[in-house]
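Basis for what follows: all heavy atoms, side chains included, without hydrogens, waters or symmetry-related copies.
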Amino acid sequence: MAQLKRLTVRGFKSIRTLEDFELRSLNVLIGANGAGKSNFISLFRMLAELAEGRLQYFVKSHDGPDALLYGTRRRTPQMDAEFYFEGNGYRVSLEASGDRLLFTREETWFDGGVSDTHSLGIGHHEARLAVVQNDTFAAYVRPAMASWRVYHFHNTSTLAGVRQKRPVRDNLKLKPDAENLASFLRHLREQHGEHYARIVQTIRLVAPFFGDFVYRKEVEEYIDLEWFEVNDPDTPLGPRQLSDGTLRFICLATLLLQPRFFQPDTILIDEPELGLHPYALSVLAGMLKQAAEATQLIVSTQSADLVNALESEDVVVVNRNGAESTFARLDREELNDWLQDYALGELWKMNILGGRPAR
């Protein structure tokens, strides 16, 4: 697994300076609305697009360079980002140039006792990381970055893709909004039965009425997310008969319990607690911990109940000081006396941890 060990960011959105920040297998960001949690996750979204040669598309879709630079280009003409993997790394500097971002530095490196840095050039508008040949460092870094995915299961309206019929062949990877959930679950049932069974069993913990997903051996080109209740296996129900919270939990269970080789090296999930019962949040915390044994997770949350089920070292507190976001990982030793009497989420509510709205 190409797990990200540390990163440095300067001048990206509300992140003025974040130096040599350690990332672990499980990283849960907590903080007030607007503190900068989503901006941190957006950085990974940008770098994943960059690694695929789509940086300028990302810039345009996010209202141009000034929206991505801390305080606009008038205050921050250039952003810098450094990513440290196990021995390998990637460094990039981007400055505003009209309505685009221009590379003023792009490098890969290896540090195996003797450091070796490869420059990929300057003055270009799309990453050469995406196209460079015969660079052994890039060959390691690029697939990891390109695999980063931000999963967002908030849209469960009647028109959401996850509630619509999808091509049965659309089953290679679970999409970021789970629009191909039915096709992907069918593939898991047919090819990875043990993982599929674990997903179904976990759904039943949170939704005891849930029996299983309907499986039709003969299937047309498009497939629906059909299911049945445990007491009525002869009556198929459709995706629009699942509550929003139940459907979101199904998406989360599928994402976190699928086979490891389907998962990105780093999974990012934005506010997974939406619509979930407190018990469902405790089950979700268990799934996060289990998944973090094999892959890296970065999660943003507003839920004290979810935080209650986590270890303090897994939690990163995000605060907003003026226009600037700050990030600090909790230290269990510093909280040890408090944790004798209070749960972690309770300490957050009491403003012992920070991460609360401030003037």
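In the hydrophobic clustering of ILVMFWY residues, with side-chain heavy atoms under 4.5 Å counting as a link, Ile15 and Leu4 come out together. Criterion: ILVMFWY side-chain heavy atoms under 4.5 Å apart, direct or through other members. Under it, Leu310 and Phe40 are not part of a common hydrophobic cluster. Under the 4.5 Å side-chain contact rule for hydrophobic residues, Leu7 and Val315 do not share a cluster. Leu288 is not connected to Ile298 by any chain of hydrophobic side-chain contacts under 4.5 Å among Ile, Leu, Val, Met, Phe, Trp and Tyr, and they are in different clusters. Residue Tyr279 is grouped with residue Phe209 when hydrophobic side chains (ILVMFWY) are merged at heavy-atom distances under 4.5 angstrom, including chains of intermediate members.
Ring pair Phe12/Tyr70: centre-to-centre distance not below 6.0 Å. Between His192 and Phe261, the gap from one ring centroid to the other is short of 6.0 Å. Aromatic pair Trp148/Phe83: centroids less than 6.0 angstrom apart.
Salt bridge present: Lys175 and Asp170 bring a charged side-chain N and a carboxylate O closer than 4.0 Å. A salt bridge does not link Arg75 with Asp66: every distance from a Lys NZ or Arg NE/NH1/NH2 to an Asp or Glu carboxylate oxygen is 4.0 Å or more.
Both tests pass for Arg91 against the ring of Trp109: distance under 6.0 Å to the centre and angle within 45° of the axis. Cation-pi geometry between Arg6 and Tyr84 is met: under 6.0 angstrom from the ring centre, within 45 degrees of the axis.
The main-chain N or O of Leu257 is never found under 3.5 Å from a side-chain atom of Arg198 such that the two would form a donor-acceptor pair. Proximity of a side-chain donor or acceptor of Ser61 to a complementary backbone N or O of Phe58 within less than 3.5 Å is detected.
Pairing each heavy atom of Val200 with each of Gly211, the nearest pair is CG1-O, 3.9 Å. Leu306 and Ala285 get closest at one heavy-atom pair: CD1-CB, 3.8 Å. Of all heavy-atom pairs spanning Cys251 and Ala178, the tightest one is SG-CB, 3.6 Å.
Annotation: ring-ring contact (aromatic ring centres under 6.0 Å, His included) contacts of Phe85 (sequence neighbours excluded): none. Considering only residues two or more places apart in sequence or on other chains, His152 meets the ring-ring contact (aromatic ring centres under 6.0 Å, His included) condition with His154.
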Worked check of ring-ring contact (aromatic ring centres under 6.0 Å, His included) between Phe184 and Phe262 = CA-CA 11 Å; Phe184 189 70; Phe262 284 133; 5.4 Å; yes
request  = In sequence, state the C-alpha distance, the side-chain angles, and the governing distance for Arg128 and Phe103, and then conclude on side-chain contact (heavy atoms from CB on, under 4.5 Å).
outcome  = CA-CA 10 Å; Arg128 290 179 179 166; Phe103 285 80; over 6 Å; no
inquiry  = What verdict does the salt bridge (charged side-chain N to carboxylate O under 4.0 Å, His left out) test give for Arg45 and Glu49, after you've listed the backbone C-alpha separation in whole Å, the side-chain angles of each residue and the deciding distance to 0.1 Å?
reply    = CA-CA 6 Å; Arg45 197 191 301 267; Glu49 295 286 1; over 6 Å; no
query = Can you check salt bridge (charged side-chain N to carboxylate O under 4.0 Å, His left out) on Arg260 and Asp265, steps first, answer last?
reply = CA-CA 9 Å; Arg260 165 68 189 103; Asp265 289 318; 3.2 Å; yes
task = Go through Glu86 and Lys5 one step at a time and tell me if the salt bridge (charged side-chain N to carboxylate O under 4.0 Å, His left out) criterion holds.
result = CA-CA 7 Å; Glu86 189 67 53; Lys5 302 298 183 183; 3.6 Å; yes
task = Evaluate side-chain contact (heavy atoms from CB on, under 4.5 Å) for Asp232 paired with Leu237, printing each intermediate quantity in order.
result = CA-CA 10 Å; Asp232 190 6; Leu237 303 171; over 6 Å; no
ask   = For Lys289 and Glu293, what are the C-alpha separation, side-chain angles and deciding distance, and is it a salt bridge (charged side-chain N to carboxylate O under 4.0 Å, His left out)?
value = CA-CA 7 Å; Lys289 293 175 183 178; Glu293 295 177 2; over 6 Å; no
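Separation of atoms CG (Leu284) and CD1 (Ile269) is listed at 7.0 Å; rounding is to 0.5 Å. Atom-to-atom distance recorded for Leu255:CG and Tyr151:OH is 5.5 Å, nearest 0.5 angstrom. The distance from the OH atom of Tyr196 to the CG atom of Leu185 is 6.5 Å, given to the nearest 0.5 Å. Annotation: the span from Ser312 atom OG to Leu344 atom CG amounts to 6.0 Å, rounded to 0.5 Å. To the nearest 0.5 Å, the span separating OG on Ser93 from CG on Asp80 amounts to 3.5 Å.
Paired with His118 under the rule ring pair (Phe, Tyr, Trp, His ring centres under 6.0 Å), one option of Phe110, Tyr90, Phe137 passes, and it is Phe137.
By the 6.0 Å contact criterion, NZ on Lys165 is open, its count of non-hydrogen atoms from other residues, nucleotides or ligands being 12 or less. Annotation: Arg169, atom CZ; neighbour count of heavy atoms from other residues, nucleotides and ligands within 6.0 Å does not exceed 12.
No side-chain N or O of Arg356 forms a donor-acceptor pair with one of Asn319 less than 3.5 Å apart. Side-chain polar atoms of Thr156 and Arg248 form a donor-acceptor pair below 3.5 angstrom. A donor and an acceptor atom, one from each side chain of Asp305 and Ser303, are nowhere located under 3.5 Å apart. Using modelled atom types, one finds a donor on one side chain and an acceptor on the other under 3.5 Å when comparing Thr104 with Gln78.
Evaluation of the ring pair (Phe, Tyr, Trp, His ring centres under 6.0 Å) test over residues 294-314, restricted to residues two or more places apart or in two chains, returns none.
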